[in-house]
Amino acid sequence: MSAARVGVVTFPGTLDDQDAARAVRHAGAEPVPLWHADTDLRGVDAVFLPGGFSYGDYLRCGAISRFAPLMGELVPAARAGLPVLGTCNGFQILCEAHLLPGALVKNAGLHYICRDQRLRIESTATAWTSAYTRGQEVVIPIKHGEGRYVADAETLAALESGGRVVVRYLGNPNGSLNDIAGVSNEAGNVVGLMPHPEHALEDLTGGPGTDGLGFFTSLLKTMVNA
Amino acid sequence: MARAIVDVMLKPEILDPQGQAIARALPRLGFSGVSAVRQGKRFEIELDGPADEAALADIRKMAETLLANPVIEDFTVRVEGETAE
Amino acid sequence: MARAIVDVMLKPEILDPQGQAIARALPRLGFSGVSAVRQGKRFEIELDGPADEAALADIRKMAETLLANPVIEDFTVRVEGETAE
Amino acid sequence: MIDSVGRAAETPQEPQPYAELGMKDDEYQRVRDILGRRPTSSELAIYSVMWSEHCSYKSSKVHLRQFGTKAPKSEALLVGMGENAGVVDIGDGWAATFKIESHNHPSYVEPHQGAATGVGGIVRDIMSMGARPVAVMDSLRFGAADAPDTRRVLPGVVEGISSYGNCLGLPNIGGEVVFDPCYIGNPLVNALCVGLLRKDQIKLATAPGPGNQVVLFGALTGPDGIGGASVLASATFEDESQAKRPSVQVGDPFMEKLLIECCLELFAADVVVGIQDLGAAGVACATTELAAKGTGGMDVRLDLVPLRDPRLRPEEILMSESQERMMAVVTPADIPAFMEICRKWDIPATVIGEVTDTGRLVMTWHGETIVDIEPGTAADEGPVYQRPYAEPAGQHALNADDPSRLARPGDLGATLLRLLGSPNLASKEWVTSQYDRYVRGNTVLAQPADAGVLRIGEVMPGASETVRGIALATDGNGRYARLDPYCGAQLALAESYRNVAVTGARPLAVTNCLNFGSPEDPEVMWQFAEAVRGLADACRALGVPVTGGNVSFYNQTGSAAINPTPVVGVLGVLDDVRRRVPHGFTGPDERVLLLGETTAEFGGSEWAHVEHGHLGGLPPRFQPEVERALATVLTEAAARGLLTGSHDLSDGGLAVALAESCLAHGVGATVSLPPGDDPFVALFSESASRALVTVRPESFDAFAALCGKHEVPCTTLGTTGGAALSIPGVLDIPVETLRTTHEGTLPALMA
Ligand SMILES: Nc1ncnc2c1ncn2[C@@H]1O[C@H](COP(=O)(O)OP(=O)(O)O)[C@@H](O)[C@H]1O
Ligand SMILES: [Mg+2]
């Protein structure tokens with residue numbers, strides 16, 4: 001099988017696209033740059049929406065990006081089962097695009113927070129977490145000013161009962177409801193996370209350790225099994 | 001040339017830490033008599049044409065899809081000088 | 001129990017990157033007829049007592065020292081339901 | 001009505017508001033002599049900003065020359081002083097460019113925007129060298145930590161740096177936060193940016209080639225920071241200029257991020273002949289400097305400058321300090337490609353002029369000539385002052401007030417905790433957690449390490465692989481410099497140099513930001529002259545050239561100047577970044593070694609400051625040979641993989657270095673002090689040229705031999721491990737106690 005091709009989307013103001021491409025390479029797949037203004041997904045096998053401040057995060061994080069021409073292609077493809085991971089700003093965009101429920105608002109402490117965060121993997125039934133074990137504790141950096149996950153009670157209940165809370169904070173840094181750090185859609189192909197697994201790939205750089213690699217190796221595992 | 005105003009506030013059930021921080025700071029600064037503060041956004045939109053029904057419908061659409069996120073926010077649209085609808 | 005509203009906007013001569021980003025995005029989203037957008041803040045202040053002159057004077061003071069940054073922002077204070085003063 | 005050149009010639013007696021623009025009588029007269037007539041109001045705008053202290057360095061120039069005349073020989077230096085930023089060869093075809101700049105006063109007026117635009121400005125300087133900016137640092141000084149105004153200024157400054165730097169996607173890899181009452185009305189915000197580029201891709205601010213087009217691109221020009229110019233416009237003209245002219249500039253980091261990517265694409269497409277960022281003095285400065293360094297002539301149609309506020313007068317356009325703008329010189333053939341790239345990034349770009357060979361900078365406004373000058377007269381031939389200087393009256397008494405008279409403590413453990421929890425030594429996590437230190441994925445070391453370290457291998461698409469890395473540190477100690485500005489500046493360099501060396505990097509080059517009071521005060525001028533002399537001498541002695549920097553004068557309120565505060569940045573290179581030495585104690589059962597020699601040096605120390613509020617005596621000695629030998633040992637040992645951890649000794653001495661080393665990874669240590677030494681002196685003296693390192697027991701002999709070879713004293717203190725910092729008979733403190741003490745202070749102050 002030839003290497004899986006993972007699209008890495010760049011919006012104006014995207015920052016972590018080079019990190020995202022590196023993560024894809026580290027896992028043994030081929031990163032394919034995707035430009036927000038294009039309408040062509042270039043036949044990729046999966047898509048990674050990296051972090052950053054698309055459109056400066058002006059108005060609301062992700063609010064303007066969700067209207068990008070590329071999103072017009074991505075949304076139906078994701079609904080049809082294309083694996084999509086959004087981290088940080090990518091998560092915010094996925095929520096704004098209604099591919100994931102809920103919203104991300106200003107941290108309860110009001111400040112931007114960059115720190116190495118302890119997390120628990122709650123679901124391994126998604127395209128992006130199958131390489132972990134359920135309940136596994138990992139340390140992955142977070143860095144955001146608007147990462148407090150909110151949703152109405154009904155949505156929260158549905159997420160919890162459907163096993164769609166993918167990652168939870170151990171020591172809630174931002175006031176997220178139910179300590180939620182990441183969620184998936186019903187099918188499990190679309191995952192959004194505030195933490196940055198692409199910054200936890202190597203011992204030399206980024207946060208401590210390599211705990212983030214599993215998100216990307218999971219994808220390859222999923223695709224081989226598919 | 002008219003101006004429309006869109007006010008966007010977090011829904012009442014969503015925690016507003018900015019408003020709370022202000023409310024908490026007030027007594028320290030010597031202000032009393034305030035029971036709560038909420039912080040939202042205000043957009044001033046300059047129209048090329050008049051603020052007729054068609055323009056306002058457009059702005060309502062804009063508020064709904066772009067300026068506010070209905071999952072967490074409520075909004076009101078009005079033409080400057082009029083009271084909130 | 002009354003509610004006062006404080007609207008805070010960047011002074012007209014000050015760059016408003018947020019408003020500009022929105023205005024630039026609108027045509028792409030299919031909205032036409034908008035010549036400019038400015039984004040500001042709106043505060044809803046719940047008072048324990050009535051919104052009498054004393055309370056409003058207090059709120060104006062609060063706006064000046066805490067809610068707005070007079071170096072770059074202007075503000076208006078009004079009681080909900082009334083038009084901007 | 002427009003003040004054209006023709007009109008100026010006809011109305012020689014028209015009064016002009018040069019004094020309001022900060023020009024002296026003789027300076028104005030010189031402009032008249034140069035032009036052979038009175039300047040137009042636009043020309044006056046240009047000369048007044050170009051000849052300002054900020055742009056012309058008129059008070060500092062005669063001193064700064066020493067950085068060139070005393071510069072050590074360096075094969076690494078590719079571009080030296082005088083350009084937007086210096087460029088250093090770091091090997092394998094790569095070059096690094098870095099510079100530090102102040103944005104002090106704006107950060108006092110409006111902390112958030114002042115600091116944010118400070119970051120924006122220095123980043124554009126780095127872009128204008130043709131580099132990709134890869135990291136930022138910030139060196140900050142505030143008034144007393146518990147002063148009410150500090151609670152206004154500090155959070156705003158930090159938020160400004162955080163929101164702007166984070167949004168640009170530049171990791172923040174280090175800096176300083178220092179409190180001292182002397183900075184209360186004059187906080188210091190010095191921002192550093194470092195960029196990387198291929199050695200053969202250096203760009204310069206020059207406008208050669210008659211016929212080449214002058215393109216202004218980036219944000220629209222608005223009435224930002226032109227308080228002065230409106231004086232000009234309204235003095236000559238009663239009309240339209242009623243609009244408010246803010247002195248505060250607001251930054252748009254999103255625009256700057258697009259500008260970075262756009263510039264890199266322009267460089268890659270090779271469609272740029274010369275480039276200049278627009279900083280202070282905006283279009284006036286960019287056009288005169290580009291023209292002066294090029295073929296010598298330029299025609300500009302000022303009415304083509306795209307405006308945010310259509311009411312702007314030409315004088316105001318010239319002086320506007322609107323952020324996020326750049327100016328490029330482009331061949332006519334490349335203009336379509338240039339514009340296409342700008343369109344892709346949604347960056348407004350406008351041709352506003354053309355390079356000529358007339359030797360003159362000519363500007364028109366709707367057909368009328370409003371500027372016609374020789375650009376060099378504004379850019380290079382500004383006034384130069386030999387300001388008088390004199391040692392401050394109280395200097396002798398200050399130096400005589402030796403800290404040896406201060407009562408020494410009994411309980412050294414309690415003293416350590418008080419120091420560790422004091423605002424200057426407490427954890428800066430409240431600040432640094434607001435900065436993204438990970439973005440771009442190349443951060444090897446950042447806070448709380450002594451220096452920031454970056455991997456450089458993956459910076460540009462298609463870049464050749466290299467295992468090299470760079471290290472950067474900034475340091476400055478205003479108390480030392482107050483006691484002895486000559487030595488204080490040297491110590492700032494020494495500490496920065498040492499901070500780079502403890503990571504295993506070889507120090508290569510220096511940038512500096514000189515923060516002082518008013519140059520018109522002879523006592524301040526003495527401090528300045530001494531500091532520059534000291535820094536230049538120290539750079540020669542350590543073999544690291546100054547590549548650039550910035551001077552910030554007038555940091556004073558009334559007659560009270562800040563402590564002289566030279567802030568020095570050092571850039572070093574790691575031949576193999578995988579060999580970098582981590583910060584502090586990294587694991588148990590390693591030997592803790594102290595390198596260097598300790599004598600009783602308490603002048604300007606943290607101990608004297610925290611425990612006695614005392615500032616007097618003399619700062620620690622600076623011994624360049626010793627400092628150099630230490631750095632040689634550290635870099636050689638790192639390259640050979642002998643070190644498992646390191647930390648330099650500075651503020652608070654050995655005691656604080658030990659505590660911080662424990663806190664780095666939560667690893668305790670049991671140590672004993674060198675026999676015969678006074679424990680108080682051993683723990684709290686701030687003698688320079690010292691460091692702590694850890695080695696595995698089996699590496700000790702090799703390391704000791706290396707120290708012997710370079711004559712660096714090496715003392716075994718003890719062993720790492722356990723959950724406490726223990727010095728039997730002296731102190732025994734759980735690491736958890738160290739942590740709560742260290743980490744609690746700033747959050748409590750800012751709550
Ligand atoms: N303290 C200093 N040491 C060395 N060079 C300096 C110092 N201050 C300013 N310079 C140099 O003088 C030149 C002009 O400085 P500056 O006006 O800050 O540059 P810019 O116009 O790019 O903002 C630059 O090359 C700068 O590096
Ligand atoms: Mg410059």
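Throughout, a chain's letter reflects where its sequence line sits, starting with A, and its residues are numbered from 1. These numbers come from the heavy atoms of this one structure, side chains and all, not from hydrogens, waters or symmetry mates. Keep in mind that this is a model prediction, so the values were computed, not measured.
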Which residues from residues 34-42 of chain C are near chain B, with near meaning under 4.5 Å between non-hydrogen atoms? C:Val34, C:Ser35, C:Ala36, C:Val37, C:Arg38, C:Gln39, C:Gly40, C:Lys41, C:Arg42
With chain B as the partner chain, list the residues of residues 16-28 of chain C whose heavy atoms fall under 4.5 Å from it, by residue number, and write 'none' if nothing qualifies. C:Ile22, C:Leu26
Contacts table for residues 65-72 of chain C: side-chain donor-acceptor under 3.5 angstrom, sequence neighbours left out:
unit_1, atom_1, unit_2, atom_2, d
C:Thr65, OG1, C:Lys61, O, 2.9
C:Asn69, OD1, C:Val71, N, 3.0
C:Asn69, ND2, D:Glu110, OE2, 2.6

Can you name the side-chain contact (heavy atoms from CB on, under 4.5 Å) partners of B:Glu53, sequence neighbours left out? B:Leu56, B:Arg60
Using 0.5 Å steps for rounding, measure from the OG atom of B:Ser32 to the CG atom of C:Asp58. 6.5 Å
Measure B:Leu47 against the heavy atoms of chain C and call it side chain, backbone, both or neither at under 4.5 Å. both
